[in-house]
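For reference, the structure discussed in these notes is given below.
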Amino acid sequence: MKLAVLGGGGVRSAFLAKSLAYNAHRINLKEVVFLDSSEQNLALFGELARYVFTTIRPDIDFKLTRDPLVALKDANYIITTLRVGGDESRIRDERIALNFNTLGQETTGAGGFAMALRSVPAILEYCRLIEQHAASDAILFNFTNPSGLVTEAIVKSGFTRRVYGICDAPSELIRELPALLGCEERDLRVECYGLNHFSWFTNITVNGESVTEKLVNMPELYARTAMQYFSPELVRLCDNQLLNEYLYYYYYKEEALAAIQASGETRGEQIARINREMREELSGIDVKAEPQRAFSVWMKHYLRRENSYMQNESQQEKFHTREPLTLQQFIEEPDTGGYAGVALDILEAVNSKETKRIVVSIPNNGTLDFLRPDDVIEISCDLSKDGLKPVTPAYVPQAQKNMIACVKEYERLGVEAILTGDRSLAVRALMAHPLIGSWSLAEKLVHAYIDEPNKA
């Protein structure tokens with residue numbers, strides 16, 4: 001089997017390479033290709049990924065390439081993790097939103113729409129190549145942000161292969177819960193529902209017994225997990241449902257906006273600065289000749305990114321911070337899966353005798369009765385050899401239904417605007433978004449993002 005990664009020269013590529021290498025036996029991988037349009041990214045982050053992968057699985061053919069046909073020819077599985085436009089486009093997206101006193105965040109609201117304007121056309125061009133050159137039964141896993149909107153665009157574009165949207169945020173929160181509850185991960189069941197970066201978690205059980213009330217009343221939940229950004233009182237108002245960390249931008253929107261504006265530096269500007277300093281330090285190192293030295297530099301700067309996540313926006317230190325590792329320690333440390341783990345679970349299920357619960361973005365098809373069948377939703381699914389079975393949540397409060405319906409209307413209109421090039425639909429999309437909700441503001445944002453795409 002052949003697997004291609006589109007965007008394989010990204011800063012996080014070493015993690016993906018490690019996960020694929022340790023789990024290659026699960027899906028009989030024989031060939032892996034990391035594609036990136038940037039020669040410099042492949043020479044730095046791609047080479048680190050190559051070293052990690054081939055150290056773990058020297059028997060599997062691993063390639064780096066800038067040629068899409070080399071990557072996609074006869075590929076059985078494709079993972080997309082693109083950042084079209086790079087750090088500079090992200091900075092522009094976020095700054096334009098902030099200039100209009102609205103949230104600047106790369107996947108949410110105005111910034112998310114601006115990112116989709118670049119991501120969707122790029123992904124659809126790859127989809128055309130997949131249809132032409134990949135294996136007839138190829139499966140696409142989309143991790144390109146904004147993942148839910150991009151996945152919906154792929155589905156509605158007429159793409160004929162199977163596609164799943166994947167994100168590691170839900171699974172990371174779920175993985176934090178067994179330590180609090182004193183149980184094994186396999187005994188825990190959680191129902192996640194909503195949209196990508198806009199989901200709630202309910203009906204939490206251990207061995208079939210409800211532990212939701214116990215969990216939401218534990219102080220540790222708000223101190224030692226991604227729930228650290230939320231108040232227990234807010235959770236009670238949400239009918240004791242846990243929250244995706246990106247809901248912080250909705251439930252605390254004026255605090256998030258004020259914090260970003262006061263920080264003097266957007267997250268995009270912070271990431272760009274760290275990446276620039278990383279590249280400068282790596283520029284004097286031959287990654288192939290000195291992988292350990294290159295890895296140490298990469299790890300130092302990567303942790304500056306990772307450990308400062310949501311710090312500006314929430315004015316909080318991240319509870320769970322990572323410690324630096326040597327290259328050997330990184331390779332030997334057990335793999336936690338991340339978003340590659342979700343893809344591997346799906347691919348392995350056909351030969352599995354067990355049922356496993358995962359969170360994935362797929363067409364609704366009646367799972368949430370207040371949305372349309374072709375709406376892409378983020379939902380818990382029970383995965384077995386019989387396929388992927390979405391779990392209809394036991395209870396969705398009316399407030400959550402209303403919020404999801406608003407954001408889904410934005411996504412529907414946004415996808416249609418991008419697929420058709422209809423400017424008026426873009427304005428309607430942003431009017432529908434709860435973080436914008438204004439014609440005059442939507443018109444100004446569309447003018448900045450679409451009519452003047454090259455102006456800062």
Side-chain angles (χ1 to χ4, degrees), residues 103 105-109 112 145-148 165 167-181 188-205 210-257 259-260 309-311 313-320 357-361 368 370-371 377-380 391 393-408 410-411 433-435:
L103 186 72
Q105 203 282 331
E106 68 163 343
T107 67
T108 302
N145 277 321
S147 178
C167 179
D168 46 7
S171 56
E172 285 184 357
L173 173 60
I174 291 169
R175 277 199 300 266
E176 291 174 325
L177 302 182
L180 299 187
L181 294 167
L188 176 70
R189 283 289 181 271
V190 179
E191 294 176 2
C192 173
Y193 71 90
L195 311 176
N196 179 244
H197 287 185
F198 198 77
S199 54
W200 289 260
F201 304 80
T202 186
N203 198 22
I204 302 161
T205 64
S210 177
V211 294
T212 303
E213 188 74 24
K214 171 184 175 182
L215 182 63
V216 300
N217 286 301
M218 295 175 70
E220 297 89 343
L221 177 69
Y222 308 96
R224 293 169 48 195
T225 75
M227 286 292 294
Q228 73 175 83
Y229 305 111
F230 303 107
S231 159
E233 177 60 23
L234 170 61
V235 171
R236 284 191 287 273
L237 293 174
C238 291
D239 290 75
N240 284 346
Q241 297 189 351
L242 307 192
L243 313 173
N244 185 302
E245 61 197 0
Y246 283 86
L247 285 168
Y248 178 81
Y249 297 111
Y250 296 83
Y251 287 118
Y252 296 79
K253 64 181 181 180
E254 81 291 344
E255 293 187 15
L257 177 60
I260 294 169
Y309 175 70
M310 282 190 73
Q311 190 171 311
E313 299 91 333
S314 68
Q315 298 295 292
Q316 293 185 46
E317 296 286 339
K318 190 176 180 182
F319 158 69
H320 178 66
R357 184 162 291 186
I358 64 168
V359 178
V360 67
S361 289
L368 299 179
F370 56 95
L371 296 180
I377 62 172
E378 185 167 85
I379 195 76
S380 290
V391 178
Y395 173 58
V396 180
Q398 190 62 46
Q400 276 87 313
K401 288 181 181 180
N402 294 342
M403 291 176 70
I404 292 168
C406 283
V407 175
K408 178 45 69 178
Y410 148 75
E411 290 189 350
H433 199 288
L435 294 180

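- Nearest heavy atoms, Y248 versus E313: OH-O, 3.1 Å.
- Rounded to the nearest 0.5 angstrom, T225 OG1 and E176 CD are separated by 5.0 Å.
- Here the OG atom belonging to S314 is positioned 6.5 Å from the CD atom belonging to Q228, to the nearest 0.5 angstrom.
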For residues 230-244, which side-chain donor-acceptor pairs fall under 3.5 Å, sequence neighbours excluded?
residue	atom	partner	partner atom	Å
S231	OG	E233	N	3.0
E233	OE1	R236	NE	3.2
E233	OE1	R236	NH2	2.9
N240	ND2	E213	OE1	3.1
Q241	OE1	Y193	OH	2.5
Q241	OE1	Q400	NE2	3.2
Q241	NE2	T202	OG1	3.4
Q241	NE2	Y395	O	3.2
N244	OD1	Y246	N	2.9
N244	ND2	S199	OG	3.1

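- Side-chain contact between W200 and E378: absent, with no pair of heavy atoms (C-beta onward) separated by less than 4.5 Å.
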Please lay out, stage by stage, how E255 and Y249 fare under the test side chain to side chain donor-acceptor pair (under 3.5 Å).
CA-CA 9 Å; E255 293 187 15; Y249 297 111; over 6 Å; no
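- The nearest pair of heavy atoms linking N196 to C167 is ND2-CB, 3.3 Å.
- Looking at L247 and Y252, their side chains never come closer than 4.5 Å, going by heavy atoms from C-beta outward.
- For the pair L180 and M218, the tightest heavy-atom approach, listed with the atom from each and the gap, is O-CE, 3.3 Å.
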Using the rule given for ring-ring contact (aromatic ring centres under 6.0 Å, His included), can you reason through Y250 versus F198, listing the C-alpha separation, both sets of side-chain angles and the distance that settles it, and then say yes or no?
CA-CA 9 Å; Y250 296 83; F198 198 77; 4.7 Å; yes
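- Contact between I379 and P393 at its shortest, heavy atoms only, is CD1-CD, 4.2 Å.
- Residues Y222 and V216 come closest through the heavy atom pair OH-O, 2.7 Å.
- Here R357 pairs with D382 under the salt bridge (Lys or Arg N to Asp or Glu O under 4.0 Å) rule; sequence neighbours left out.
- With rounding to the nearest 0.5 angstrom, the CG atom of L103 is 11.0 Å from the CD atom of E254.
- Atom CD1 of residue I377 and atom CG of residue L195 lie 8.0 Å apart, to the nearest 0.5 angstrom.
- Between V190 and T205 there is no side-chain heavy-atom pair separated by less than 4.5 Å.
- Evaluation of the salt bridge (charged side-chain N to carboxylate O under 4.0 Å, His left out) test over residues 398-408, restricted to residues two or more places apart or in two chains, returns E152-K408, K408-E411.
- Counting heavy atoms from C-beta on, the side chains of V391 and N203 never come closer than 4.5 Å.
- Listed here is the closest heavy atom pair of I204 and L188: CG2-CD1, 3.8 Å.
- Between the CD1 atom of I174 and the SG atom of C192 there is a distance of 6.0 Å, given to the nearest 0.5 Å.
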